[in-house]
Amino acid sequence: MSISSEHKPLGKQVTGNLHTLSPIVELNVGGELYTTTLSTLKKHPGSKLAEMFTGQPKLRRDSEGRFFIDRPGTYFKYILEYLRSNQVPTQCVQDVYKEALFYDIEPLIKQLEDSPQIFGELVARKQFLACVPNYSENIELMIRIARAEAVASRCSGVIVCVVRTEEDAARCQDALNSLDMDKKSVVKFGPWKAAPSISDLLDCVQMDVEAKGYKISFQPHVAEKGFRFKSHDFFYKFLFTWW
């Protein structure tokens, strides 16, 4: 007696509506394999992850018939832990936060943003840097200058002028006019209206350049004798080491 199509085992079904599939789902997330349930994946109906498994299949399959998500698989386990037990991860918080944003899991996003790691970055540091005019553009300018001077050299230096107030900005301009250097190669940060100091700004610059993969250090830039300003009040030399 033949088995009717209604009662044939589903097996590794590749097409069809998700409602006809087993409630147990096998996933391949960036090469990492996971097994979970549809109800877990759809726990937050408004999320992008829930939409992936609602209605007609929206994901490709791998060679074994598992749903494939082209994201870092290492951090998906923390996403599943949250969906299963509301456990907010305390490890790899920055990376899990990126994945929570991708999957648009709003409750997890909000809870991670309250964590010290994300709160410090989003609320404290980034809000300060938003007060520094052209901060991101200046970081890119520093890198372009350093790369241009890196030919046949182990290191290249970039002079940075940092001013905290409008008064310092005027004094810095006078200092620039007295310095024996190409003014176009000096990258200026500030002024800004926020509590962090010049040393805080310098640390942020180093942190963000290093985040782009560069090896960098800085020190006060001391001008030649006879210079009528204390150049180290404004000028710093950032040293890029290439090898």
Novice: Should we say atom CD of E140 is surrounded by more than 12 heavy atoms from elsewhere, each under 6.0 Å from it?
Specialist: yes
Novice: Can you name the one residue among K77, K48, R71 that meets salt bridge (charged side-chain N to carboxylate O under 4.0 Å, His left out) with E99?
Specialist: R71
Novice: At their closest point, which heavy atom of I145 faces which heavy atom of S185, and how far apart are they?
Specialist: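 Heavy-atom minimum between the residues: CD1-O, 3.7 Å.
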Novice: Inspect the contact between R125 and D208 and indicate whether a charged nitrogen and a carboxylate oxygen are less than 4.0 angstrom apart.
Specialist: yes
Novice: Return the orientation label for the Y82 and H44 ring planes: parallel under 30°, perpendicular over 60°, tilted otherwise.
Specialist: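 Y82 vs H44 ring planes: parallel.
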Novice: Can you confirm whether E137 is buried at CD, in the sense that more than 12 heavy atoms of other residues, nucleotides or ligands lie under 6.0 Å from that atom?
Specialist: yes
Novice: Mind checking what makes disulfide bond (SG atoms under 2.5 Å apart) contact with C204, not counting sequence neighbours?
Specialist: none
Novice: Near R84 CZ, under 6.0 Å, is it more than 12 heavy atoms from other residues, nucleotides or ligands?
Specialist: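 Yes, enclosed.
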Novice: Do you know the tightest heavy-atom contact between I24 and T37?
Specialist: CD1-CG2, 3.9 Å
Novice: Please name the pair of heavy atoms, one in F189 and one in V187, separated by the smallest distance, quoted to 0.1 Å.
Specialist: CE1-CG1, 3.8 Å
Novice: Tell me, please, which residues at least two apart from S136 pass side chain to side chain contact (heavy atoms under 4.5 Å, CB included).
Specialist: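 For S136 there are no side chain to side chain contact (heavy atoms under 4.5 Å, CB included) partners, ignoring immediate neighbours.
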Novice: Does F238 belong to the same Ile/Leu/Val/Met/Phe/Trp/Tyr cluster as V151, with side-chain heavy atoms less than 4.5 Å apart forming each link?
Specialist: no
Novice: Let me see the working for R164 and D168 under salt bridge (charged side-chain N to carboxylate O under 4.0 Å, His left out), right down to the final yes or no.
Specialist: CA-CA 6 Å; R164 176 84 165 68; D168 285 345; over 6 Å; no
